[in-house]
Structure formats: C-alpha cells, structure tokens
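One structure is given below, encoded as structure tokens.
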Amino acid sequence: MTHILITNDDGIHAPGLAHLWQAVADMADTTIVAPSGEKSGSGLSITWVKPLHLHQVPWQRGVAAWSLNGTPADCIKMGLKIVLGGKKPDLIVSGANKGSNSGRTVLYSGTVGGIIEGALKGIPGIAFSFCDHIVPPLEITGPIIQSIVRHTLEHALPPGTFFNVTFPLNTKEGTRGIRFAKQGLGYWTEAPEQRIHPDGLPYYWLGGKWSAFPEDPESDVALLEQGYVTCVPIHVSHLTDMAALQKHARLWEGVSSLS
C-alpha cells in the first residue's frame with residue numbers, strides 16, 4: 001500500500017491540514033507529523049537550541065498523527081527517523097497552506113521547507129497552498145489534489161525535485177484547470193508596523209506587502225491571476241550556478257597569483 005507522510009506549517013490543528021488529509025486519505029496509508037503551533041515563514045529552518053517533543057494526537061480513522069514543537073523541516077526529520085523508524089514513505093505532502101506560496105515567496109515558506117527536507121533525502125513531495133485564507137470546499141479541491149498526487153506517484157520526479165501547487169483566489173467558485181508553470185518573481189516584502197509597548201518603548205510587527213515584477217505569462221503568478229491551479233517543478237538538489245562557476249573560475253585563473 002502506498003504510504004504518504006503529511007506535514008504543514010500552520011500547525012497540527014489547522015483546517016488546511018485536515019483538508020489535505022481528507023483529500024488523500026482513501027488513496028494511501030497516511031502518517032501525520034506537524035508543528036504543534038504556527039510556523040509560517042520558517043522556510044527550511046531547523047531547531048538546534050531547544051529540545052524537541054513529540055506528542056501523539058487523536059485523529060480520524062485511528063491514523064497516526066503527531067505534533068512536534070519544531071518547524072516543518074524538523075517534523076520531516078523526526079517523522080522519518082523516529083515516527084517511521086527510518087522507513088521512507090512513497091510521497092510527502094505539505095499544507096494546505098493558507099495564503100499563496102507563488103513567486104519567490106516559496107523561499108520563505110515553511111510548507112515548502114518540509115517538502116525540501118524530504119527532497120534532499122530523495123523523497124518526492126508536493127507543497128499545496130491556497131491563495132484564499134479560508135479553506136475552499138473539498139468537493140472542488142479534492143479531485144485536483146488527488147489527480148496531482150496520482151500523477152506524481154505514477155510518473156517519478158527526478159531526485160531533488162518537488163511540485164509546488166497553488167490554488168487561485170476564489171477557488172470556491174471553481175478553477176480553470178491545472179497548468180504546469182514556472183515559478184514567478186513576485187514576493188512579499190517587509191512593511192514594518194511600529195507599535196508602542198506600555199513601558200513606552202517601540203516594537204514592530206514585520207508585516208508585508210506584495211512586491212510585483214514583470215512576470216512571464218507562463219509563471220505561476222500570472223496563471224493564478226487567470227484562475228488556474230499552478231504546479232511548478234522546483235529542483236533543489238544541485239544548487240551551483242554552473243555558468244557563473246565556469247566564468248569566474250576562468251577569470252580567477254587569469255588574474256590570481258594564489259590559484
């Protein structure tokens with residue numbers, strides 16, 4: 001039986017996590033390891049400076065579900081090593097995140113961070129997010145999630161590659177279908193908001209605002225605006241910019257007496 005490991009960054013009790021589990025529950029055996037609380041924006045960060053605690057959480061159908069006081073990447077590390085005892089699942093899915101992970105926002109996403117942790121270990125994964133902050137109806141999203149999961153299981157991704165899937169705004173009204181896309185350029189930049197503590201000292205909420213760029217019409221950002229569900233293959237295995245490596249190695253050899 002196919003085995004799927006599920007995580008998120010909104011926490012074990014987030015509606016999006018239950019939504020994602022419901023979409024795949026009849027497709028595979030499932031195990032859930034998710035943060036005990038909100039970990040949005042944690043990216044690929046991991047916990048070094050405090051102990052980690054796993055707690056089993058009651059779940060429907062007696063599914064093994066665990067909360068962890070760490071990040072999504074921690075959840076995958078502990079899920080694989082401790083909960084699953086080193087046995088690799090066939091697939092890791094993460095989400096479904098409230099708020100879009102389109103464009104370069106993907107680099108900040110804890111939802112995506114959990115999937116990257118699995119991809120670095122050679123496990124295929126899919127990160128799901130909604131542009132909407134309210135979970136859309138399962139009868140609309142479920143068949144789409146299932147079709148992407150089924151496609152991923154049937155057609156192996158290259159090692160180190162995962163899918164970043166985003167649902168458009170107003171998914172509750174339906175979508176125009178699924179489009180494979182490029183990751184766009186837009187991202188949420190800082191918009192700090194100053195407030196005053198009762199002791200008179202200022203403090204800040206980092207805040208954020210969308211920073212738009214000219215987008216390729218085949219990017220996730222552009223296609224989401226047209227009402228499509230976007231699926232972007234992202235590769236994290238080989239990080240070297242080979243063109244820059246070759247260029248600067250040649251330049252260095254020409255001018256350096258240290259090489």
- Query: Side-chain heavy atoms under 4.5 angstrom apart, residues restricted to Ile, Leu, Val, Met, Phe, Trp, Tyr: same cluster for Val106 and Leu120?
  - Reply: yes
- Note on the structure: All heavy atoms of Ala73 vs all of Gly113, minimum pair found to be CB-O, 4.3 Å
- Task: Please assess Lys247 against Asp241 for the test salt bridge (Lys or Arg N to Asp or Glu O under 4.0 Å), listing each intermediate value before the final yes or no.
- Result: CA-CA 10 Å; Lys247 173 184 175 180; Asp241 183 332; over 6 Å; no
- What one should report as the nearest heavy-atom pair of Cys75 and Ala34 is SG-C, 3.4 Å
- Using a 4.5 Å cut-off on heavy atoms from C-beta on, say whether the side chain of Leu84 contacts that of His3. yes
- Query: Do other residues, nucleotides or ligands put more than 12 heavy atoms under 6.0 Å from the NE2 atom of His238?
  - Reply: no
- Task: Report yes if some heavy atom in the side chain of Leu17 is under 4.5 Å from a heavy atom in the side chain of Asp10; otherwise report no.
- Result: no
- Could you tell me whether the side chain of Lys182 reaches within less than 4.5 Å of the side chain of Val232, counting heavy atoms only? no
- Message: Can you tell me how far apart OG1 (Thr47) and CG (Asp74) are? Round to the nearest 0.5 Å.
- Response: 3.5 Å
- Taking atom CG of Leu206 as the centre, does the number of heavy atoms from other residues, nucleotides or ligands within less than 6.0 Å exceed 12? yes
- Determine, stepwise, if the pair Phe162 / Ile126 fulfils side-chain contact (heavy atoms from CB on, under 4.5 Å). CA-CA 6 Å; Phe162 66 91; Ile126 313 170; over 6 Å; no
- Can you measure from CD1 (Ile32) to CG (Asn8) and round to the nearest 0.5 angstrom? 9.0 Å
- Message: Nearest 0.5 angstrom please: Ile123 CD1 to Leu80 CG, how far?
- Response: 4.5 Å
- Ile76 with Val93, same ILVMFWY side-chain cluster at under 4.5 Å: no
- Message: Is any side-chain heavy atom of Thr31 closer than 4.5 Å to one of Val63?
- Response: no
- Are Leu20 and Ile115 connected in a single hydrophobic cluster, I mean Ile/Leu/Val/Met/Phe/Trp/Tyr linked by side-chain heavy atoms less than 4.5 Å apart? no
- Task: Establish whether Val83 and Leu68 are linked, either directly or via other cluster members, by ILVMFWY side-chain heavy-atom contacts under 4.5 Å.
- Result: yes
- Message: Using the rule given for side chain to side chain donor-acceptor pair (under 3.5 Å), can you reason through Thr111 versus Asn97, listing the C-alpha separation, both sets of side-chain angles and the distance that settles it, and then say yes or no?
- Response: CA-CA 7 Å; Thr111 302; Asn97 186 68; 3.2 Å; yes
- For the pair Phe180 and Phe163, name the ring-plane relationship: parallel under 30°, tilted 30 to 60°, perpendicular over 60°. perpendicular
- Task: Test Ile144 against Phe128 for side-chain contact (heavy atoms from CB on, under 4.5 Å), laying out the working first.
- Result: CA-CA 11 Å; Ile144 295 171; Phe128 290 96; over 6 Å; no
- Task: Would you please test Leu185 and Val221 for side-chain contact (heavy atoms from CB on, under 4.5 Å) and show each step?
- Result: CA-CA 8 Å; Leu185 299 176; Val221 174; over 6 Å; no
- Could you tell me whether Asp9 and Lys98 have a side-chain N and a carboxylate O separated by less than 4.0 Å? no
- Would you check if there is a donor-acceptor pair between the side chains of Asp29 and Thr2 at a distance under 3.5 Å? no
- Of all heavy-atom pairs between Leu224 and Ser100, which one has the smallest distance, and what is that distance? CD1-OG, 4.4 Å
- Note on the structure: Residues Pro168 and Gly227: closest non-hydrogen pair is CG-O, 3.5 Å
- Do Asp220 and Ser102 have a side chain donor and acceptor closer than 3.5 Å? no
- Nearest heavy-atom neighbours spanning Ala23 and Gly142: CB-CA, 4.2 Å
- Message: Test of understanding: clusters of I, L, V, M, F, W, Y form through side-chain heavy atoms closer than 4.5 Å, transitively. Do Val33 and Trp21 belong to the same one?
- Response: no
- Okay, side chain of Gln183, backbone of Gly103: is any donor-acceptor separation there less than 3.5 Å? yes
- Query: Side chain of Lys172, backbone of Ile140: donor and acceptor closer than 3.5 Å?
  - Reply: no
- Query: How many angstroms lie between CH2 in Trp59 and OG1 in Thr30, if you round to the nearest 0.5 Å?
  - Reply: 9.0 Å
- Message: Quick check: do Ile196 and Leu201 have side-chain heavy atoms less than 4.5 Å from each other?
- Response: no
- Item | Within 45° cone of Tyr228 ring axis and under 6.0 Å: Arg179 NZ or CZ | yes
- Is the closest side-chain heavy-atom distance between Ser109 and Asn101 below 4.5 Å? yes
- Would you say Ser67 and Pro35 make side-chain contact, with heavy atoms under 4.5 Å? no
- Report yes if the side chains of Thr152 and Leu91 come closer than 4.5 Å at any heavy-atom pair, otherwise no. yes
- Message: Return the CD to OG1 distance between Glu218 and Thr230, rounded to the nearest 0.5 Å.
- Response: 11.5 Å
- Task: On the 0 to 90° scale, with breaks at 30° and 60°, tag the Phe130-His19 ring pair as parallel, tilted or perpendicular.
- Result: perpendicular
- To the nearest 0.5 Å, atom CE of Met78 lies from atom OG1 of Thr7 at 12.5 Å
- Query: Where is the tightest heavy-atom contact between Thr161 and Leu157, given as atom of each residue plus distance?
  - Reply: O-CD1, 3.6 Å
- Message: Keeping Gln56 on the side-chain end and Ala64 on the backbone end, is there a donor-acceptor pair under 3.5 Å?
- Response: no
- Item | Parallel, tilted or perpendicular: ring planes of His55 versus His53, cut at 30 and 60 degrees | parallel
